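Chain letters run A, B, ... following the sequence lines, proteins first, then strands; residues in each count from 1. In this text the structure is predicted, and so the values were computed from the model without any measurement.
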Amino acid sequence: MSEATTDGPETLADDASELGAHPLTAQRLAKLERYRAAGIEPYPVGAFAPDVTAAELHADHADLEPGSSTGRVVRVAGRLVGRRDIGKLVFGVLQDETGRIQLFAQRQILGDEDLEGFRDLDIGDWIGVEGEVITTKRGELSVAVARFVLLAKSLRPLPEKWHGLQDVEERHRRRYVDLIVNERARDTAIVRSRIVRELRRAFDRRGFLEVETPVLQIEAGGALARPFVTHHNALDQDMYLRIAEELHLKRLIVGGLGKVYELGRVFRNEGLSPRHNPEFTMLEAYVAYADYHDVMNLVENVIVEVVDEVLGDRLATYQGDTLDFAPPWRRVTMLDAVADVTGVRFELSMDRDAAADLAEDLGIAVDPSWGVGKIVNEVFEEQVERTLVQPTFVYDYPVEISPLARAHRSEPGLTERFELIVAGRELANAFSELNDPLDQRRRFEEQQAARATGDEEAHPIDEDFLRALEYGMPPTGGLGIGVDRLVMLLTDQASIREVILFPAMRPERT
RNA sequence: GGGCCCGUAGCUCAACCUGGCAGAGCAGCGGACUUUUAAUCCGACGGUUCAGGGUUCGAAUCCCUGCGGGCCUACCA
């Protein structure tokens with residue numbers, strides 16, 4: 001697009017573009033032209049520097065009597081989001097990144113011409129205002145406008161002032177509008193940032209090294225999921241977006257970095273749902289010399305720290321349930337949890353067909369290829385997980401579904417693995433890491449056999465990772481936390497799309 | 001991938017079931033008002049009813065297809 005020129009055949013407002021075509025935007029385009037003709041730059045640079053925020057003003061002048069004058073002259077800047085025009089007097093509402101402050105414009109201060117100019121601003125315009133801090137007769141803290149500057153002209157109307165933007169699709173596609181008009185959207189984004197910051201602080205404080213490992217990988221390992229495929233042109237090599245951080249972080253433990261974590265984006269080529277976005281944020285951490293009991297304590301301590309900082313309270317409301325994060329959290333083996341909820345006692349030593357019969361009696365459809373471990377896990381996921389509302393560590397998972405976890409030190413068929421379940425959903429997954437390279441190779445080969453029979457999510461063999469283990473990895477505890485789900489819990493959001501600023505969506509029609 | 005539901009003015013919603021001139025509020029426009037708080041009052045304006053097809057004298061409404069979205073389900077964190 002070329003810039004508008006004075007010798008153009010038509011004015012901007014007559015333009016056949018989308019903005020010119022609609023009356024509401026055409027009016028604003030015309031206003032833009034009038035500003036330029038009058039020597040007012042609608043997009044000035046360096047025009048105004050605010051010296052205070054709305055929140056600071058409210059904090060500084062919390063208890064002023066109605067009708068007060070403070071004598072304090074301030075400069076505030078933000079978006080004009082409301083206006084009440086009373087003739088020779090105009091009230092405006094200015095919104096900055098900290099909140100809102102009322103603007104009080106009256107003729108006896110501004111004069112006729114400038115009051116008219118103030119009245120002529122559109123809702124949505126960015127402005128800077130200089131004036132005295134006062135309270136009105138009704139006691140509303142305000143800036144009495146002595147001077148104002150247009151900082152950026154807004155050409156599109158904002159959604160309805162009371163209901164805001166409700167349409168879910170519009171809120172996600174046009175998140176910038178959602179953030180302007182919906183306080184909840186702003187709060188969620190801010191709380192997410194605080195959660196991420198507190199997670200970092202918690203691991204930093206414990207001496208962990210934050211690292212960054214490849215997103216583009218030759219093999220996508222570390223979890224059981226279908227990857228996104230892309231192609232490196234110069235290498236003429238297909239590559240995968242990572243589905244986990246795990247295998248590279250363990251390589252760093254081999255390398256002698258004793259405590260590492262990564263907080264980053266992982267990608268899984270699976271369906272969208274209120275709890276699944278194809279890219280999501282995972283925090284993984286690994287500690288040399290720790291086992292899964294140590295990691296349980298670590299997870300409990302870290303999450304309690306985050307909850308304390310973010311909520312200031314260990315009780316959280318999630319979708320109508322009250323969650324009590326006060327430690328210690330319940331710890332129960334997977335087999336005990338299944339027995340508690342279903343009344344059926346499974347053992348890994350049981351005959352496979354006997355286990356299948358028990359599961360089918362519970363209404364579980366059992367695939368012929370499943371072993372006892374997979375069958376029990378299915379019962380757990382189908383009937384037990386959703387009942388675990390309060391924070392609960394479920395531990396000792398079957399080896400069959402845990403190809404990267406260490407075999408249990410005393411229980412055959414199990415691994416030293418736990419999941420943290422909150423509000424019926426997995427929030428963290430952790431284990432005593434498998435550091436026996438020969439056992440790891442056998443596990444990979446079993447996965448490979450599953451892949452050969454059509455399981456696209458079976459774990460591929462990563463020869464370089466096996467080589468790293470062959471150099472020797474110390475006993476290590478590792479964990480993964482689903483950050484988006486933690487944010488959902490602490491912001492009481494039912495959908496992952498509410499905690500991801502720009503969730504995945506189909507392209508819109510044009 | 002399967003099932004159910006939704007799509008009407010810039011925004012929030014009616015009218016759809018039971019086919020008959022598409023209506024409000026907010027925003028915008030014109031006017032009144034020097035203390036409003038979703039300001040108030042008066043006036044005029046604003047529509048590809050998601051798109052395409054079908055049924056019908058007549059379709060926002062009923063049917064079909066497509067597009068987009070939501071929820072459930074499946075996979076998963």
Side-chain angles (χ1 to χ4, degrees), chain A residues 18-19 21-28 30-31 66-67 81-93 100 102-110 115 122-124 134-142 144 154-174 177-178 180-182 222-226 243-244 266-284 365 381-382 385 401 419-422 425-429 455-457 480-486 488 494-498 503 505-510:
Chain A
E18 188 185 348
L19 288 176
H22 194 283
L24 292 177
T25 46
Q27 278 167 12
R28 294 192 180 206
K31 194 175 286 186
V81 294
R83 182 179 49 224
R84 293 177 286 277
D85 188 341
I86 319 288
K88 311 267 183 313
L89 188 61
V90 180
F91 296 94
V93 180
R100 292 179 167 195
Q102 178 165 272
L103 305 175
F104 178 84
Q106 61 178 335
R107 183 173 66 174
Q108 62 197 63
I109 299 178
L110 275 175
L115 183 67
D122 286 309
I123 302 297
I134 62 160
T135 55
T136 60
K137 283 182 184 170
R138 294 287 180 85
E140 180 79 18
L141 189 68
S142 308
S154 171
L155 297 178
R156 289 181 182 270
L158 288 176
E160 215 247 6
K161 61 186 171 189
W162 186 243
H163 298 94
L165 185 63
Q166 296 295 322
D167 183 86
V168 173
E169 180 178 354
E170 273 307 283
R171 287 186 35 242
H172 295 162
R173 288 195 195 280
R174 244 62 74 183
V177 179
D178 191 29
I180 292 167
V181 299
N182 293 329
L224 307 179
R226 283 156 60 184
I243 59 173
V266 298
F267 306 84
R268 298 188 183 178
N269 205 339
E270 286 156 0
L272 285 73
S273 91
R275 283 166 292 283
H276 301 91
N277 197 64
E279 52 180 307
F280 61 100
T281 301
M282 176 107 88
L283 187 157
E284 291 194 31
E381 289 187 352
E382 287 294 314
E385 193 171 60
I401 55 157
E419 291 190 352
L420 171 62
I421 312 293
V422 185
R425 290 205 287 268
E426 178 186 346
L427 184 62
N429 180 25
D455 184 351
E456 285 185 66
E457 298 187 349
I481 295 174
V483 173
D484 310 275
R485 289 191 173 175
L486 179 60
M488 288 168 68
S495 170
I496 195 169
R497 291 186 209 100
E498 300 298 341
M505 301 191 78
R506 285 193 173 80
E508 58 184 324
R509 285 169 298 171
T510 50

Please give, in whole Å, the distance from B:rG1 P to A:Arg226 CZ? 11 Å
Would you mind classifying the nucleic acid contact of [X] as base, sugar-phosphate or nothing, using non-hydrogen atoms under 4.0 angstrom?
X	value
A:Asn277	base
A:Arg497	sugar-phosphate
A:Glu170	nothing
A:Leu165	sugar-phosphate
A:Gly482	nothing
A:Glu140	base
A:Met282	nothing
A:Asn429	nothing
A:Pro274	sugar-phosphate

Measuring only the [atom1] atom in each nucleotide, how far is [N] from [M]? A whole number of Å is fine.
N	M	atom1	answer
B:rG1	B:rC45	P	48 Å
B:rG3	B:rU56	P	29 Å
B:rU8	B:rU61	C1'	11 Å
B:rC16	B:rA59	C1'	10 Å
B:rC64	B:rU18	P	15 Å
B:rG53	B:rC11	C1'	31 Å
B:rC57	B:rG19	C1'	12 Å
B:rA9	B:rC29	C1'	15 Å

Who pairs with [N] - Watson-Crick or G-U, where each distance is under 3.5 Å:
N	answer
B:rG23	B:rC13
B:rG68	B:rC6
B:rC75	none
B:rG43	B:rC29
B:rU48	none

Candidates [options] - which lies nearest the side chain of [X]:
X	options	value
A:Ser273	B:rU34, B:rU73, B:rG69	B:rU73
A:Arg275	B:rU34, B:rC72, B:rG68	B:rC72
A:Arg506	B:rC72, B:rG70, B:rG68	B:rG68

Give the B/S/- string for nucleotides 23-30 of chain B, one per nucleotide from 5' to 3', where a protein heavy atom under 4.0 Å of the base yields B, of only the sugar-phosphate yields S, and otherwise -. --BBSSS-
Does the side chain of A:Glu160 pick up a donor-acceptor pair with the side chain of A:His163 at under 3.5 Å? yes
Which residues pass the salt bridge (charged side-chain N to carboxylate O under 4.0 Å, His left out) test with A:Glu381, sequence neighbours left out? none
Establish, with yes or no, whether the OP1 or OP2 oxygen of B:rU37 is under 4.0 angstrom from a side-chain nitrogen or oxygen of A:Arg100. no
Are A:Arg84 and B:rC41 close enough that a side-chain N or O sits under 4.0 Å from OP1 or OP2? no
Which residue lies toward the 5' end of RNA chain B, A:Pro278 or A:Glu169, if each is placed at its nearest nucleotide? A:Glu169
Taking the nucleotide of RNA chain B with the closest heavy atom to each, which residue, A:Glu426 or A:Arg107, is nearer the 5' end? A:Arg107
Could you please spell out the steps behind the side-chain contact (heavy atoms from CB on, under 4.5 Å) verdict for A:Leu89 and A:Phe104? CA-CA 8 Å; A:Leu89 188 61; A:Phe104 178 84; 3.6 Å; yes
